[in-house]
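Written below as structure tokens is the structure these notes are about.
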Amino acid sequence: MARTSPYLVTDYRQELKAFGTGWKRFGVLVAAVLWLITPLQVGDAWLFILNFIAVFAIGGIGLNLLTGFAGQVSLGHAFFLGVGAYAAAWFGGQQELPLVLWLPIAGLVGAAIGALVGPIALRLSGHYLAIVTLALLFIGEHIFLEWTSVTGGTRGVRVNAGLSIGPVDFTALDVAGTTYSREQGLFWLLWGLVALAAVLAFNIVRTRPGRALQAIRDRDTAAEVIGVNITRYKVGVFAISSAYAAIAGGLYGAALLRSVRPEQFGDFNGILLSITFIAIIIVGGMGTTVGAILGSFVVVGLPRVIERFSGDLPFLIQGAGDSGLIRVSQFNNMLFGLLIIVFLLVEPMGIAAIWRRITTYFKAWPFSY
Amino acid sequence: MSQFLQYMVAGVALGAKYALVALGFVIIFKATGVINFAQGGLVMLGAYLTYNFGVTWDLPFWVAVAMAMVVTALVGVVIERVILRYMVGRPAFALIMITVGLLFILQQVTVAIWGDDALNLGDPWGLGTFRIGDIVIQERDLWAVILAAAAVAVFFVFFRYSSLGLAMRATAIDQEAALAQGMSAKRVHAAAWAIAGATGALAGVTIAAGSASLDPSIQFIALLAFPAIILGGIDSPLGAVVGGLVIGITQSLTNGYQAEYLAFLGSGFQSVMPFVVMVLVLLVRPYGLFGTPEVKRV
């Protein structure tokens, strides 16, 4: 019997396989090896940046479900990040629950609030939804400011949530006599969680709910006509996306910032944070799970890299008295705008589309298409 | 009673500023179908240009305002020509995000040029006030109302009597039909951005008037104008004015009375109030008070 091409799919079970081809299995193996050895090879300063990227990738995967797959615009992602951070501070810090409890609880709180907001999304679409989710940022900041017993008001609150699973403390790993630094331990924890989040999202989108969401995105009336329960899926995806954001927020607070204040999630900073996530999925590729991770590398990683090398870029002003055209933070904010505009104009499906084009070229070789 | 009237006066003045910002949003949305998040950037740019012409170059105030309006209008046209023309027919999400990207660029360029200290706009009104009975009215507030009213009057005349205005109305109703009748969609889109730029500059001047009131935070007032346009309906100039006034008055009354009667809502509630009103109105009327409902065809 002749060997069939791995790309020839003859039954449904095969179509649904996550890692059907040898190359994909090889890719997973490479990723796993990289995950294990990167902390051993890379310095703490770079690991800190990579940990930042991991947290934003988790939130980005969630927003991609909502925006990339279901086509709902949300500018309120930063609010749910805040919810997660304060949930971590309260359940993980004040109540001293362990990581395996406070992280899911943060996700559940986010999901519950997302499900409350979801019904508003049902009545609105496109432009109106974007502006209403913007309102979340302002109303949310007000609540964060006023609910002082949980949030500490303007002074903020320390997020003392534990980062250990059972006896394994990721902030001070100690394996077989070797002690690892906080950044190394957190790298293993956070990127492990990214993998978990990505696999979960991937399973959602390649099965029935995922196809329902895409049908809603492409034309909601048509989806309704063929029997997709729009209410259920729209509210559901809002809740799931909010849960992802809240989990990312909890990790953002507990692992990276260690103390949070309301203004980090409201007003200008809130909008900046929400836009960061949107930039991540636009740059990475909307409607692809891996896109959020790739986008996070560019959108979150690039500004940090620029900060580190700002001394070598003559047009950037580092501190007072330095000459140049524009301050580093301003340049980075502007870079967001530029990245969004350039990608939307030139490559609307993001880096994932470029990657797909390259692989298609080699798959189809020697034919051009 | 006089206290109530005082709050109403403040509310109307605030509302007039919102209405001016909102008019810029509405005209772009009506003509091109784009929600322009960068309008706040145009407002900011207009105010800083007025400062540059009036204070740095020492030109008379009204000349500076006129020049700022012209330059901001040109910036609007350039944005339309260079970026948004290539986005026609793309999904709402892409259009919104591209204007958000523009907002970030306009904002950072403005701060890079003029810095982020509070500046004096150099307007002739300053902190001058006059009285009618018990009520104190600030001169700059009166001018905000006059300028907003003038802008609305000009809008009305322009759309009602000029051929370009007619073309804009036709394009707003049905772009293809308008094209078939020989109206240039390109001209209409460019004109919409120019008018929005000029209106934005005017709005920026009314917001930044007074002593040391010009700083980068004035772009946020444009965000507070969102409730106004949503309340009035995204495609209705009349709605923009009514929405602006309702939001302005609500905010002013909240500022005056909430601490006394609804203290449990917390301090600073007046800046959240517009958004609360907006969400409530949208739950009852998803297309605003004067907006056109979207028709779903199967």
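What you see is a predicted model, and the numbers here were worked out from it, not measured in a lab. Throughout, protein chains are lettered first and strands after them, A, B, ... in sequence-line order, and every chain is numbered starting at 1.
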Report task. Evaluate the side-chain proximity of B:Met168 to B:Thr32: yes if any heavy-atom separation is below 4.5 Å, no if none is. Result -> no

Query raised in the report: Taking every heavy-atom pair that is under 4.5 Å apart, which of A:Leu75, A:Ile139, A:Ile282 has the most such pairs with chain B?
Result: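 It is A:Ile139.
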
Looking at [X] and [Y], what are the two nearest heavy atoms and their distance?
{"X": "A:Thr67", "Y": "A:Ser74", "answer": "OG1-N, 4.4 Å"}
{"X": "B:Gln175", "Y": "B:Ala185", "answer": "NE2-CB, 4.3 Å"}
{"X": "B:Ile28", "Y": "B:Ala192", "answer": "CG1-O, 4.0 Å"}

What part of [X] gets within 4.5 angstrom of chain B, counting heavy atoms only: side chain, backbone, both, or neither?
{"X": "A:Ile275", "result": "side chain"}
{"X": "A:Glu146", "result": "side chain"}
{"X": "A:Leu136", "result": "neither"}

Query raised in the report: So which part of B:Met278 gets closer than 4.5 Å to some heavy atom of chain A, the side chain, the backbone, both or neither?
Result: side chain

Report task. Please look at B:Phe37 and chain A and tell me whether the side chain, the backbone, both or neither of the residue comes under 4.5 angstrom of a heavy atom of that chain. Result -> side chain

Query raised in the report: Relative to chain A, which of B:Gln107, B:Arg90, B:Met273 shows the most heavy atom pairs under 4.5 Å?
Result: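 Option with the greatest count: B:Arg90.
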
Query raised in the report: Top residue by heavy-atom pair count (under 4.5 Å) with chain A, among B:Ile234, B:Val111, B:Val276?
Result: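 Of B:Ile234, B:Val111, B:Val276, B:Ile234 has the most heavy-atom pairs under 4.5 Å with chain A.
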
Query raised in the report: Hey, would you say the A:Phe265 and A:Phe79 ring centroids sit under 6.0 Å apart?
Result: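 No - the distance between ring centres of A:Phe265 and A:Phe79 does not fall below the 6.0 Å cut-off.
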
